[in-house]
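For reference, the structure discussed in these notes is given below.
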Amino acid sequence: MNAWNRNRITSILGIDYPIIQGPFGGYASQRLTAAVSNFGGLGSFGALNLTPQAITEVISEIRSLTSRPFAMNLWVSQEDEGARTSDANAFERSLAPLVAHFGALGVPLPMYKAYSPATRFEDQVRAVIDSNVPALSFIFGIPPKEILDECRARNIVTIGAATTPEEAVLLQEAGVNAIVASGFEAGGHRGSFLRAAEDSLTGTFSLVPQIVDAVDVPVIAAGGVADARGVIAALALGAEAVQMGTVFLTCAESGASRLHRETLLQRNADRTQLTKGFTGRLARGIHNRLMEELNRKETGILPYPLQRALIKNLSVAAESEGRSDLLPMWAGQSANLSSCTDVTAFLTSLVEDVSEAAGPIIEWSATRRKHHSV
Ligand SMILES: Cc1cc2nc3c(=O)[nH]c(=O)nc-3n(C[C@H](O)[C@H](O)[C@H](O)COP(=O)(O)O)c2cc1C
């Protein structure tokens, strides 16, 4: 009988369980990455905001905490059309609905500054590759061919993210080793890169089997997986691993803020919604007053990453003033399903529960996959 935890993903990555901790851009922590990897899953670190120098330091810190494989994660595309030409008028329009909140939080109003990119994928990925990391995962596109070739030559496993079967096919053609099928339920940004994110909103239950049918490389299910039921369902749909994000935000090792963590632990995340208002790109977070206001049709939203920078001014103050109504708090639709506070305890019980039921399902699902490929 097939063991549920022995498949192409576990063997490509050299891990014990096909459980990937989803990378958190801006909320990552070396301790969380290492804790998941030490357990035998794949810890990931979202490095989207980091300079190459900081990336190198983070990688060596992770290596000091674990000798097991881990992934570094980057955003291939880091700015939207219009970011370079966005002017002071656009800035004032987007600032207008926030002025009262800045006042209430006692924060001086931010001033318009012409955009200049803080980080570039090309420089960040150089630092990741030069450190010979075990795995590189990415969203919002496909890295240039030379980068993927170099990863292959250095045995760095590459994991791309797709929000549609078409994106998955392109990722496979580019030669990635595995594909994350990222369903509508997922917390954080929609990493769409072919169609607009608004037109790429398929749920995990529909997306995973369609991507499994469309590609031969192993598929990782992401979006809404929060417990053993989700893992088993993902495996039954043909995925060979899961990527869980939101569930790890509440554990002691996560980099999420106190307010964000408390809101999740108090199970106040029953209503999540997609918004462009927090960063300029479509992403799922907990519905609150700020999201409601920014989602109004008439609100001006700056192109990514300008909106992100604008809101950052507000969120730092909202956090210190304890204003969860004004704080962006990313979370997926299954946020209220779990309250993981200790990574090892959570993963131990997850693995026990999945092990009880998964064997026959995996065997059946693997047979289905074989039938498809003949
Ligand atoms: C706070 C937060 C930040 C995230 N940042 C990234 C990121 O930088 N890169 C990425 O590939 N995925 C990112 N994700 C997506 C997760 O890695 C994962 O795919 C997703 O959370 C899975 O869905 P779930 O939240 O329902 O578990 C983020 C998710 C959250 C909740």
Side-chain angles (χ1 to χ4, degrees), residues 19-29 32-33 36 41-50 55 71-78 119 121 124 128 135-141 143 158-163 167 171 176 178-193 197 203-205 207-208 219-227 230-231 233-234 239 241-251 254-257 259-261 263-264 269 272 274 278-279 281-286 304-305 308 315 327-338 340 346 350:
I19 297 172
I20 298 175
Q21 170 247 322
F24 297 142
Y27 301 74
S29 99
L32 173 59
T33 309
V36 175
L42 185 77
S44 312
F45 191 99
L48 99 114
N49 290 324
L50 300 188
I55 289 177
M72 292 300 286
N73 177 272
L74 295 174
W75 290 23
V76 179
S77 124
Q78 306 195 355
T119 52
F121 172 76
Q124 292 175 319
V128 170
L136 164 68
S137 70
F138 47 86
I139 52 167
F140 285 116
T158 51
I159 306 174
T163 59
E167 289 175 350
L171 284 161
V176 304
I179 294 173
V180 174
S182 175
F184 169 81
E185 297 90 327
H189 286 83
R190 303 290 304 141
S192 307
F193 60 92
T204 307
F205 224 85
L207 186 65
V208 169
V219 173
I220 299 157
V225 180
D227 58 18
V231 177
V242 292
Q243 176 162 293
M244 304 165 85
T246 302
V247 99
F248 289 108
L249 283 172
T250 46
C251 64
S254 111
S257 72
L259 269 187
H260 191 174
R261 194 192 294 263
T263 305
L264 289 163
T272 67
L274 291 165
F278 292 164
T279 65
R281 283 186 176 172
L282 200 67
R284 183 175 294 285
I286 300 172
Y304 186 90
R308 178 174 221 148
S315 53
L327 184 70
M329 293 180 288
W330 305 123
Q333 289 185 324
S334 296
N336 276 0
L337 277 181
S338 99
C340 159
F346 169 73
L350 182 73

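Atoms within each ligand, like the ligands themselves, are counted from 1 in listed order.
When hydrogens are left out, the protein atom nearest atom 21 (O) of ligand 1 is Gly245 CA, 3.3 Å; that is the closest non-hydrogen contact. When hydrogens are left out, the protein atom nearest atom 15 (C) of ligand 1 is Gly187 O, 3.7 Å; that is the closest non-hydrogen contact. The protein atom (non-hydrogen) at minimum distance from atom 30 (C) of ligand 1 is Phe24 CD2, 3.6 Å. Looking only at protein heavy atoms, the nearest one to atom 5 (N) of ligand 1 is Gly25 N, 2.9 Å. Scanning all protein heavy atoms for the shortest distance to atom 19 (O) of ligand 1 gives Gln243 NE2, 2.8 Å.
Backbone and side-chain nitrogen or oxygen atoms of Val247 are examined, and none is located within less than 3.5 angstrom of a nitrogen or oxygen of ligand 1. Any N or O atom pair closer than 3.5 Å counts here, and Trp75 shares at least one such pair with ligand 1. Considering backbone and side-chain N/O of Pro23, one or more are found under 3.5 Å from N/O of ligand 1. Taking only nitrogen or oxygen atoms, main chain and side chain alike, Asn73 reaches within less than 3.5 Å of ligand 1. In terms of N/O distances under 3.5 Å, ligand 1 is not approached by Met244. Geometrically, ligand 1 and Thr246 share a nitrogen or oxygen pair separated by less than 3.5 Å.
Within the listing of ligand 1, atoms 22 (C), 23 (O), 26 (O) sit less than 4.0 angstrom from a heavy atom of Gly223. Which parts of ligand 1 touch Trp330 is read off a 4.0 Å heavy-atom cut-off, strictly below it: atoms 1 (C). Near Gly224, meaning under 4.0 Å from any of its heavy atoms, are these atoms of ligand 1: 24 (P), 26 (O).
For Arg284 (side chain) and Arg190 (main-chain N/O), no donor-acceptor pair under 3.5 Å exists by modelled atom type. Using modelled atom types, one side-chain atom of Thr204 and one backbone atom of Ala222 make a donor-acceptor pair closer than 3.5 Å. Gln124 contributes a side-chain N or O that, together with a main-chain N or O of Leu48, makes up a donor-acceptor pair within less than 3.5 Å. Distance alone, capped at 3.5 Å, is enough to place a donor-acceptor pair between the Thr263 side chain and the Leu259 backbone.
Under the 4.5 Å side-chain criterion, counting only non-hydrogen atoms from C-beta, Phe184 is not in contact with Leu207. Proximity of Val180 to Ser137: side-chain heavy atoms (C-beta onward) are nowhere separated by under 4.5 Å. Considering only heavy atoms from C-beta on, Ile286 comes within 4.5 Å of Leu264 through its side chain.
Residues Cys340 and Thr250 approach most closely at O-OG1, 2.7 Å, considering heavy atoms. Nearest approach of Leu249 to Ser254, heavy atoms of both residues: O-OG, 2.6 Å.
Contacts of Phe138 with ligand 1, taken as heavy-atom pairs under 4.0 Å, are absent altogether.
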Apply ring-ring contact (aromatic ring centres under 6.0 Å, His included) to the pair Trp330 and His189, showing each step before the final yes or no. CA-CA 9 Å; Trp330 305 123; His189 286 83; 5.1 Å; yes
